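Reading through the structure tokens given below for one structure.
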Amino acid sequence: MHDKSAHAARHRVPPTGFIRKYIFSTDHKVIGEQYYGLALAAVFIGMVLSWIMRIHLAWPAAAIPGMQLLSKNGAPGGVLTPEYYLQLMTMHGTIMVFFVLTTAPLAGFGNYFLPIQVGAEDMPFPRLNMLSFWVTFGAFLVAIAAFFVPQGPPLSGWTAYAPLSALGEVAGPGQGTGQVLWAVSIAIFCVGQLLGTLNFISATLDMRCQGMGLMRLPLTVWAWFITACISLTAFAVLMPACILLVLDHVAGTSFFVPSNLVVNDQLQPHAGGSTLLWQHLFWFFGHPEVYIAIVPAMGIVSHVLITNMRRPLLSHKAIIYSMVAIAFLSYMVYGHHMFVSGMNPYSSIAFSLPTLAITIPSTIMVLIWIGSLYGSKLRINTASLFALGFISMFVSGGITGFFLAQPSLDIMLHATYFVVGHFHLVMAVAALFGIFAGTYFWFPKVTGRMMNETLGKVHFWFTFVGAYCIFMPFHYLGMAGNVRRYQAFVDDFMAPLMPVHKFITIAALITGAAQLIFLYNLIHSRFWGELAPQNPWEGTSLEWSIPSPPPFDNFAGKLPVVYHDPYQYDIEGATNDYVMQDSPASINSVRGEK
Amino acid sequence: MTTTVHERQQPDSARYPAQADFGGHGNVTSESGSWRAVEDRSPASRTGIWVGLAAITMTFAAFTSAMVVRQGSSTDWRHFALPSVLYLNTAILLTSSVTLELARQRVRWLARGLQPRCAIPLLWLYVTLGLGWLFVVGQYAAWLKLRSEGLYLATSPSSSFFYLFTAIHAIHVLGGLAGLMVVVWRFSRPVPTLRLSTVSTVSYYWHFMDLLWVYLLFLLWTRI
Amino acid sequence: MGKVFAATLIVIALASAMPIILHTWEPPADISTHGRLIDEQMSETMAEAGVAFLAAQLILAWLVWRFSNRPKNEKIQHFPGGARGLVAAAVLVVGIEVMALGIFGAKAWAAIYFTPPSANALPIQAQAGQFAFYFRYPGADGKFGPIHPEMVNEGNLNFFGLDTTHDADSKDDIVTAELAVPVNREIHLLMHSKDVGHSFFIRELRIQQDFVPGLDLAVHFTATKPGKYEILCTQLCGLGHYNMKAYLKVMSQSDFDNWLKQKAALQ
């Protein structure tokens, strides 16, 4: 037998010295951790911003201690000004969508585990990988810098609709320097992510070890691969849009600013631009972005669930094909964000039907997960609880898509809190549950120590119940017509809705505070947690056949050989109920290898 | 559900023949005198370059659709004659692709031992590099020409898109020149060591810049 | 712990459904001629989504309750029907149901957007600017005078940039800060944005449409019930966005004529 693993890999020498090892490292594992750390820092900033917004919405006159330190003009005496509320809201959305939901599930976990799970010693282009992180980090610094320029960050929301975003300082505080910093930051971010996708796609196609056929890849790898394909096209379109936006600001061009606009009685020196052009370019990225956040979570949740159910899913392929279908459909549906934007009404119908069609692959996935639970031997631990929570959140958040996919109902729900509830549940909370599931599941592998299960479960209960308490009422507010992006609810009919807002704020404060338990658990377990065995959850994929934490080049100079499909559980003749992917033992299972 | 476990099983490389020689490690394919061509067996760089080119294609597709929409929505589109130096630049860029191919072929011969000396492929590489720089300078000359006609970036959407397309393309060409310079540098060392895949990757990229420019020239020629 | 999860999920699912079943928070009653279709579509979608939501959550809860932490000696059972049955169910039952919903729902959309306004609809121009709405009635000649953007001056109350000295059509135009319409008369609302994107949302009228700068859009509607209703801006337009509103007053034809006369006198 031609034993390929005898060929040693490149015989790479681990770097010495702190900077090459931990800062400018080309090791995919370090880069994965760096991305995760960036997302962790960003998510706490974003969460604090949401706290401030929620407190202001529930008690508009309340002084928030310390706010005046962040911005003297934005929060005189600690009370937010209307513009500062919008500026914080913009930064909340920007930080959360770009620097948390894009970086953690794909770039964080993907960088760490994709090369290991395909049986490679590193990404194919380690230096580009390092560059990808540092470019993204630079983008983050530029975005954060917007807080510290005189007029503060932009107030045009994370969608930055033109011409509000393109007119400059005259359109509102932060619309000058702040908005330019925003656009530059996002353009840089796009470059960073494109560099990342290069590695993800090439690694999946070319770095698989011997025996690792495409259908033998774990579902996580499939999810990252599909997400990378979505990123490739989405960020390649957002970057040009941001370049055009910057040019409208600094070079006096008129890509997005039409003629004859009058702001403060001044005729604006722009002519002929198209405002809908920005919306088209933005949402061509923006809708696939939802799947960039959620598809990796689908992969992680499948992986975690299978391991804890002790059985493979009813169909491996159905999940893969559903993810592919979702990725494909994601480009045909972006117009559903623009039903009331003055698009041709016929194109609204054309965008509505593919949007509704996304229900089909989504339902297939949910049914496969649920159907696989039937008859399984589900192990309840923090990771599997978060995975189950993901399914629940994905259903709750996804089902409201029935409403928003229909242009006639969008008339009543567009720009209301219904939309806020919908995308927070399906994109933010569901993806975060995927991230949490992945964190509790892989922490032992990454650090060599177990996380504290009790604290983990406490964290889960607060987060699960809390997320529902926060985001379910948003739907009710929306149905009553409560408009989003208002810093105060001065309209007559919104006054009776204030108790709901107060309830949401209290729930958000408690749920947010519960995340400190997670942070404590993460840090404490990192240094003082119980030592983890190599395969604590009795998993089968390649990451569990190497030590915890993995050595520098993953497989200690010997590339693995894979003999089986990824999820060989429920094997009766085996010593355990599972067979590792790289175990040469052959299996004659009734279910067979699919 | 009866299951048995046997001792050992062959990895079914027959089922996945494509994986049979995946190893991701370098292998010396030729050593002729003082020169080493290292062929990286991992084709990752080949996939990588296609992925990169796909991203670049999407970016220019987005700019193109922006141009179409912007032209359709406006009455301020100003038509102007393209600077004739562009046609010369096109010829230069196309020639550089030919010289690069010549260089690549000589490198391959070198690896097989059919070509005794490094000097000839290196010469063709220098010619390509020179033509590439000439192209960038030529594009700059086109800008100067437009400026002399009073057409600046913000003068009209047509001039905006002209500068935009040529500038973004030139930035990408500069990236290609950087790649070529790396190849030349690796080649000019006392013991030249070069991965053949590096040469291929750089040349794919360079030819793509060529094609992209022809497309852009056609786009600008029909719309401006 | 699995049973706790199941119980919690059941409580959450039922509690989430409660406000919907009890109609705790709902949009106000419809006062438009086209709104009935939207409302019907809304309740049909709600019924379908509600059933799917409850079914999925309760089944998930039951499965976790039943199959979590089972004793070691129990065997893994296979779902009867396997994946094929589930995929078929997803495609045939859920897929067709949802697609049908969308196709029939397009009827309501078509009723609003695919039909042109009738010839005798009353034209009114709405202008949105940071952070107020203004409305313009064409006056006796039935014609709107042209807008001169360079003449817009809020200090002089020339919100639209009208040149009343030179443009004959502008002389009798009536500009107001509230939108008054006669009941049961079709209105053709011509939408113009002065600066950035805004939106026009009246819940009771079942109408929401963006003001797109550089693109003058139009909507048409018929209000069927006299009263005073809030017009909200729903497109983020700057720091005063939350406070950008106006009122729609639906009145009888004679009240409307009087109102218009009064406003004309003020111009």
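As the structure is a computational prediction, the values presented were derived from the model and not from experiment. Labels below follow one simple rule: chain letters A, B, ... track the order of the sequence lines, proteins then strands, and each chain is numbered from 1.
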* For residues C:Leu60 and A:Ser392, determine if any side-chain heavy atom of one lies less than 4.5 Å from a side-chain heavy atom of the other. => yes
* Residue C:Phe104 excluded, over 12 heavy atoms near CZ under 6.0 Å -> no
* Validation row: A:Tyr486, C:His241 side chains within 4.5 angstrom (heavy atoms) -> yes
* Asked: Non-hydrogen atoms of chain C under 4.5 Å away: do they reach the side chain of A:Met412, the backbone, both or neither?
  -> both
* To do: Examine C:Phe5 together with A:Phe464 and report whether their ring centres are nearer than 6.0 Å.
  => yes
* Is the Lys NZ or Arg CZ of A:Arg485 less than 6.0 Å from the centre of C:Tyr242's six-membered ring, within 45° of the axis? -> no
* Side chain, backbone, both or neither: which part of C:Ala111 has a heavy atom under 4.5 Å from chain A? -> neither
* To do: State, without any angle test, whether C:Tyr247 and A:Asp492 hold a side-chain donor-acceptor pair at a distance under 3.5 Å.
  => yes
* Do A:Phe402 and C:Met46 have side-chain heavy atoms sitting under 4.5 Å apart? -> no
* Decide yes or no on ring-ring contact (aromatic ring centres under 6.0 Å, His included) for A:Tyr346 and C:Phe114, but give the supporting numbers first. => CA-CA 8 Å; A:Tyr346 289 94; C:Phe114 293 176; 4.0 Å; yes
* Identify which part of C:Lys245 has an atom lying under 4.5 Å from any heavy atom of chain A, answering side chain, backbone, both or neither. => side chain
* To do: Give the ring-plane orientation class for A:Phe339 versus C:Trp109, where under 30° counts as parallel, over 60° as perpendicular and anything between as tilted.
  => tilted
* Identify which part of A:Met309 has an atom lying under 4.5 Å from any heavy atom of chain C, answering side chain, backbone, both or neither. => backbone
* **Note, C:Val94 side chain near A:Thr359 side chain (heavy atom, < 4.5 Å)** => yes
* To do: May I ask you to test the A:Phe493-C:Leu232 pair for a side-chain heavy-atom distance under 4.5 Å?
  => yes
* Asked: Given a strict heavy-atom distance threshold of 4.5 Å, which part of A:Gln406 is in contact with chain C: side chain, backbone, both, or neither?
  -> side chain
* **Interface moiety of A:Val500 toward chain C, non-hydrogen atoms closer than 4.5 Å** => side chain
* Which answer fits C:Glu230, side chain, backbone, both or neither, if we ask what part of it has an atom under 4.5 Å from a heavy atom of chain A? -> side chain
